[in-house]
Asker: 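Provided herewith is a single structure, encoded as structure tokens, for subsequent inquiry.
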Amino acid sequence: MSEHLSEQEIIRRDKLKEFERLGIDPYPADLFEVNCNSLQILNEYDDEQKNLQEVSIAGRLMALRLMGKAAFAGLEDQRGRIQLYISRNDLAKGEDFTLFDEVVKKLVDIGDFIGVKGYVFKTKTGETTIHVKEFKFLGKALRPLPVVKETKDEAGNVTIHDAFVDPELRYRQRYVDLVVNTGVKETFLKRTKMIQTIRDYLNEHGGIEVDTPVLQNIPGGAAARPFITHHNALDVPFYLRIANELYLKRLIVGGFDFVYEFSRNFRNEGMDRTHNPEFTVLEYYVAYKDYFWMMDFTEKLFEKIALALHGTTEIKVGEQTISFKAPFKRIGILEAIQEKTGTNVSEMKEDDLRELCKKYHLDVNNTMGKGKLIDELFSELCEGTFVQPTFIMDYPVEMSPLTKKHRSKAGLVERFELMINGKEIANAYSELNDPIDQRARFEEQVKLMERGDDEAMFIDHDFLRALEYGMPPTSGIGIGIDRLAMLMTNQPSIQEVLFFPQMRPEKSE
RNA sequence: GAUUCUGUAGCUCAGCUGGUAGAGCAAUACACUUUUAAUGUAUGGGCCCCGGGUUCGAAUCCCGGCAGAAUCACCA
């Protein structure tokens with residue numbers, strides 16, 4: 001860190017010496033008893049009853065207006081902001097006015113932590129305020145916070161002055177963003193509530209939350225480039241997981257009927273407003289179920305989340321209003337392509353599919369098999385058009401090496417993806433539990449790899465061994481938690497729903 | 001990875017065809033016991049992202065870095 005201090009930082013450091021001179025510890029160790037919060041006071045204070053006459057509250061000083069022998073301050077705690085009224089006489093100890101004249105008027109800065117005790121009242125202008133009787137300094141801020149102010153016009157429209165908006169500063173110094181920008185905390189609290197809702201729902205239905213390895217010998221369960229690392233004692237490479245699917249299925253083999261994990265996954269790929277190198281996927285696997293059951297179960301979950309967060313199933317996302325009311329629309333991928341292009345691709349050969357892709361100016365090459373070409377057609381021409389929640393069903397077998405073959409449609413598998421607002425939010429299937437078929441599918445992947453597909457899967461022999469011991473029919477799903485959080489909080493970028501989105505390291509000085 | 005735009009005070013931003021810096025808020029000092037973007041008066045604060053070049057002279061023009069944003073490509 002730079003040794004260079006700004007004028008304001010030097011002044012704040014000098015104030016520490018003043019505290020010392022006055023015998024006040026600017027970083028006291030003892031606890032400060034808090035008996036309420038700002039939101040409670042604003043909600044519960046009744047000027048007729050004169051309740052809340054002994055409140056004790058602590059937080060960060062975010063505004064200070066000195067008025068000679070009195071002062072108004074804004075105190076911000078976890079729940080919001082409350083005004084304080086501080087008068088010189090109230091803080092006096094006999095004839096000693098040090099606390100007001102020195103501490104409040106000179107040494108306290110915006111950003112400092114303070115604790116106060118007093119009674120609640122309403123000012124002339126009707127603002128609920130704490131009349132401070134006791135004042136305790138709790139912690140000095142040596143760096144000045146950006147000062148963001150709000151004004152309201154007659155219509156009640158809020159104007160924000162000097163907003164702290166530079167995305168780089170906001171993400172690198174999220175702690176400042178959280179302090180200064182109202183609404184940021186709200187987004188993250190909603191994310192937490194969303195995860196709690198999911199956990200409750202899964203637990204209610206018999207789900208068992210588990211943890212499986214992040215460091216894996218074989219990065220399986222998805223098609224993606226992994227991060228690689230090295231274990232010194234064993235002198236072997238390890239991969240950071242790109243998915244946890246194969247481990248959860250091993251647990252189904254082991255006799256658990258319903259397991260789930262919020263899995264932090266890592267993929268060594270590009271980053272943009274919908275991709276972070278580490279991201280969270282919820283996966284759950286339920287024995288003796290198929291993908292139809294999974295659709296029913298999952299749409300109810302989404303409806304529940306919407307209700308828990310917004311009290312309604314209609315949610316505004318950007319320009320769109322999305323209805324999370326179950327049931328969701330269901331359509332086969334081939335039907336979806338036919339709907340958009342007018343071409344029936346179900347009987348087409350690989351070369352014809354490649355020609356069709358070229359007709360739509362899609363970027364294709366010879367390493368792409370039939371399945372990948374269909375996937376290309378769908379994701380380029382169709383995916384973005386599904387705004388309302390829609391289950392896209394029955395994918396080509398080539399793209400789905402871990403999925404059970406369709407019970408009646410040749411060449412397809414029992415898989416669905418859930419599209420919302422033009423994005424894939426979930427991916428699920430009737431799990432492939434035939435070990436001989438699974439081995440053959442892995443071998444297909446090896447051939448793709450030999451053709452140059454750098455995202456084809458590795459063979460996981462231990463996983464095959466597990467399947468050979470027998471796995472019950474099972475349905476499993478993966479849900480992109482960050483993307484779901486973006487939808488549910490109406491945020492346009494993944495960085496807004498991750499506390500600390502990945503960024504290039506700051507240059508050290 | 002490609003293209004476009006951006007980088008000036010703690011924060012938000014001005015700064016023209018080149019003449020070595022400005023505003024508001026914040027800070028400092030004084031006044032003010034119900035203010036609320038408090039007010040009034042005064043004051044201080046800058047490696048103009050970094051490194052080269054052109055020039056008598058560069059925040060400004062040119063080249064090269066670095067960092068960020070937006071769009072596109074790959075992916076969830």
Side-chain angles (χ1 to χ4, degrees), chain A residues 2 4-12 14-15 62-74 81 83-90 100 105-106 109-111 121-127 129 131 141-153 158-173 176 180-181 222-225 242-243 263 265-282 362-363 375-376 379-380 383 417-418 423-427 454-455 478-484 486 492-495 503-507 509:
Chain A
S2 169
H4 181 79
L5 296 177
S6 71
E7 180 198 33
Q8 294 193 42
E9 289 174 291
I10 292 165
I11 289 167
R12 288 180 181 223
D14 287 344
K15 287 177 180 179
M62 291 302 287
L64 185 60
R65 297 181 288 280
L66 295 169
M67 311 277 301
K69 293 188 175 60
F72 286 92
R81 196 182 284 199
Q83 179 167 270
L84 309 179
Y85 173 76
I86 308 167
S87 80
R88 186 170 186 257
N89 289 337
D90 288 316
F100 189 83
K105 287 186 81 168
K106 294 189 172 158
D109 285 301
I110 287 172
F121 75 111
K122 267 198 201 305
T123 61
K124 276 185 199 165
T125 49
E127 179 154 350
T129 302
H131 188 126
L142 292 181
R143 286 174 186 263
L145 284 169
V147 177
V148 180
K149 294 188 175 182
E150 293 179 359
T151 43
K152 270 188 200 161
D153 62 17
V158 176
T159 311
I160 297 174
H161 303 269
D162 301 325
F164 179 66
V165 288
D166 182 335
E168 181 180 7
L169 287 175
R170 286 187 50 228
Y171 301 151
R172 285 199 194 281
Q173 302 185 40
V176 173
V180 149
N181 287 329
R225 279 198 296 276
I242 57 175
S263 172
N265 295 344
F266 305 83
R267 297 192 185 173
N268 204 341
E269 290 163 349
M271 42 201 285
D272 57 33
R273 67 185 200 293
T274 54
H275 296 85
N276 194 63
E278 53 183 294
F279 60 102
T280 304
V281 173
L282 164 69
L362 304 182
D363 189 21
D375 187 68
E376 190 73 16
S379 52
E380 289 303 313
E383 187 172 308
E417 292 192 355
L418 176 57
K423 299 264 162 51
E424 181 196 333
I425 296 297
N427 179 20
D454 62 352
E455 288 179 345
I479 298 172
I481 290 296
D482 309 299
R483 296 231 174 132
L484 187 58
M486 286 165 63
S493 77
I494 198 168
Q495 286 79 16
M503 302 189 82
R504 199 180 292 273
E506 281 182 270
K507 261 197 295 187
E509 295 179 36

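Here is how names work: the chains are called A, B, and so on, in the same order as the sequence lines, proteins then strands, and each is numbered from 1.
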Asker: Which residues pass the side chain to side chain donor-acceptor pair (under 3.5 Å) test with Arg12(A), sequence neighbours left out?
Answerer: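 In terms of side chain to side chain donor-acceptor pair (under 3.5 Å), with neighbours along the sequence ignored, Arg12(A) is linked to no residue.
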
Asker: Mind calculating the distance between CZ (Arg65(A)) and P (G40(B)) to the nearest angstrom?
Answerer: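 Distance, rounded to whole Å: 15 Å.
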
Asker: Choosing from U34(B), A69(B), G10(B), which nucleotide comes nearest the side chain of Ser6(A)?
Answerer: G10(B)

Asker: Kindly write out the residues that satisfy ring-ring contact (aromatic ring centres under 6.0 Å, His included) with Phe279(A), not counting sequence neighbours, or none if the list is empty.
Answerer: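 With neighbours one apart ignored, the set is empty.
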
Asker: Among all residues two or more places apart in sequence or in another chain, which pass the side chain to side chain contact (heavy atoms under 4.5 Å, CB included) test with Ile160(A)?
Answerer: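 Residues passing side chain to side chain contact (heavy atoms under 4.5 Å, CB included) with Ile160(A): Val148(A), Glu150(A), Val158(A), Ala163(A).
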
Asker: So what does Asn265(A) hit on the nucleic acid, given a heavy-atom distance under 4.0 Å: a base, only sugar-phosphate, or nothing?
Answerer: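 No contact at all - Asn265(A) keeps every heavy atom at 4.0 Å or more from the nucleic acid.
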
Asker: Consider the side chain of Val165(A), meaning its heavy atoms from C-beta on, and name the nucleotide among U34(B), C13(B), A67(B) that approaches it most closely.
Answerer: C13(B)

Asker: Reading nucleotides 23-29 of chain B 5' to 3', which nucleotides get B (base under 4.0 Å from a protein heavy atom), which S (sugar-phosphate only), which -?
Answerer: -BSBSS-

Asker: Among all residues two or more places apart in sequence or in another chain, which pass the ring-ring contact (aromatic ring centres under 6.0 Å, His included) test with Phe266(A)?
Answerer: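 Here no residue qualifies.
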
Asker: Taking donor-acceptor contacts at under 3.5 Å, does the side chain of Tyr85(A) reach the base of U35(B)?
Answerer: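 Per atom types, no contact qualifies.
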
Asker: Any base atoms under 4.0 Å from Asp272(A), or only sugar-phosphate, or nothing? Heavy atoms, all strands.
Answerer: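 Answer is base: heavy atoms of Asp272(A) come under 4.0 Å of a base.
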
Asker: Which residues satisfy the side chain to side chain donor-acceptor pair (under 3.5 Å) test with Lys15(A), sequence neighbours excluded?
Answerer: Asp109(A)

